[in-house]
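Encoded as structure tokens, the structure appears first; notes follow it.
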Amino acid sequence: MIDIQRIRNNKDEVIELLSRKNVPSEIIEKAFALDEDWRSKTTEVEQLKARKNALSKEIGKLKRENKDASEVLAEIEKISHSIEEIEVLAQEKEAELKNLLLIIPNTPNIDVPVGKDETYNREEKKWGEIPSFDFEPKSHDELGEQLGIFDFQRAAKISGARFVVCKKMGAALERALINFMIDVHTKENGYIEVLPPYLVKAAALYGTGNLPKFEADLFKVDGGEFYLIPTAEVPVTNLHRDEILSEEDLPISYCAFTPCFRSEAGSYGKDTKGMIRQHQFHKVELVKFAHPDNSYNELEKLTRDAERILEYLNLPYRRVTLSTGDMSFSSAKTYDLEVWLPSQSLYREISSCSNFEDFQARRAQIRFKPKVGGKTRFVHTLNGSGLAVGRTVVAILENYQRKDGSVVIPEVLRKYLNGAEIIEPN
RNA sequence: GGAGAGAUGGCCGAGUGGUCGAAGGCGCCUGACUCGAAAUCAGGUUUGCGGGUAACCGCAACGGGGGUUCGAAUCCCUCUCUCUCCGCCA
């Protein structure tokens, strides 16, 4: 949530920054006006309440002295009526303002390239050598079906479109990747492993910014108050909701493996074949609670931690900074990591690493108390995929394929697969 | 699913209608003592919002929401969570 004080004190700056995210200025002007209105009514109510409190105390005193209080009671009754009237108005304004603030996106960092869509994303680096094949490289779904490790047809029978059944080395490879990623992040990068719930309440989704605006992207459990998580970001960021952390504990870094569930509403016709876009997929997620003075440094580190997984797997990738028009609602700055897919001859997103600054922390009330200076401050939250497991399988199959349709297993994964070196058709 | 108990400040824990934003303890901060530290002694130490250059003033908050009352941590309703017992269950 954007800080209303920023709108109050630097309205024009906020309008300018949010125009980069295609937010019309009228929305900010509306929030500004609601805030002014709310404040004047609140001030009025509070003055009346102060008078009422004073009179109430007087009654206590009069009663103790066994004196008559009817005159004071009469005045209180009059004040109470006024309070009721104005308070309703103040509460209406407050609710309206709050609802409006909940749908205003985060302001982009000044460094983020300005543009209306992904064509304005800025490439930051490229890593690895794009493999050259002396044959036509196959797509992962073709390879997977030939190898007998993916079964899209039966998945459709069971659950419909956008699901897959992984079998044999397909299933084992997912499991190996999950363990490999978690091992690297916990042992080499200092993340604390957590295994959170996959069903969450609405409040958790408000905290991260998925609600109220993006309900259509989520699966809601019928009849219950639960939602299936779209990413581990939701439960893990909410670990510290309504908490005051110790400054010396920052940054706190978590790593979580979870399935992710997405309705993919509005993506009809996109990536219909294969494992790229599924209703259910696995992800190892990195989440940090950082000191606000150091969060951009932590974003660089977190992104490097994700990149290192790709490097261990020797998968060619590039890093791009998402433009203001392509980044998400809650983010102030996002790096996407895109892995090379030979069958499509392009880079596809495999990780998204963001600094949300205090946007989520303000929604979820995650704060810390500075050692000196007293006043509690909001932490900065960050997260990134480290990595999306299904898409990593896709990238491995496509980049490590051989002419005969077999696939070489990346060296770092072999110890997780009983030493297997190659996936072969059987 | 049934029966009961509970939720108070960073932590522990008192408080059953007004003088309670809240005793006491722990922790933390400042000062004294000390070469220094520990111990001891004295003082201080909640948060959010609004107003004010500031000192400061006001409003709100004792799990969440609602109610009774001139006045609620305290009484009533409701929700959430925790614990105990019974049932069921991987």
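Numbered from 1 within each chain, the chains take letters A, B, ... in sequence-line order.
- A:Thr42 comes within 4.0 angstrom of no nucleic acid atom, judged by non-hydrogen atoms across all strands.
- If A:Leu73 and A:Gln47 are placed on RNA chain B by their nearest nucleotide, the residue sitting closer to the 5' end is A:Gln47.
- Nucleotide B:C89 forms a pair with no other nucleotide shown, judged by Watson-Crick or G-U wobble geometry with both contacts under 3.5 Å.
- Taking CZ of A:Phe261 as the reference point, atom CZ of A:Phe219 lies at 9.0 Å (rounded to 0.5 Å).
- Under the 3.5 Å distance criterion, with hydrogens and angles disregarded, no donor-acceptor pair is assigned to the side chains of A:His380 and A:Glu357.
- Between A:Arg51 and B:G58 there is no side-chain polar atom (N or O) within less than 4.0 angstrom of OP1 or OP2.
- Of the two residues near RNA chain B, A:Lys201 and A:Gln365, the one whose nearest nucleotide lies more 5' is A:Gln365.
- Taking CD1 of A:Ile309 as the reference point, atom CZ of A:Arg304 lies at 11.0 Å (rounded to 0.5 Å).
- Set against B:G71, B:A60, B:G50, the side chain of A:Arg8 has B:G50 as its closest nucleotide.
- Between the side chain of A:Glu46 and the base of B:G58, at least one donor-acceptor pair of N or O atoms lies under 3.5 Å.
- Closest contact between the side chain of A:Asn53 and the listed nucleotides B:C49, B:C59, B:C70 involves B:C59.
- Proximity note for A:Arg367 (side chain, C-beta onward) versus B:G48, B:C70, B:G51: the nearest is B:G48.
- With 3.5 Å as the limit, one finds a donor-acceptor pair spanning the side chains of A:Thr231 and A:Lys283.
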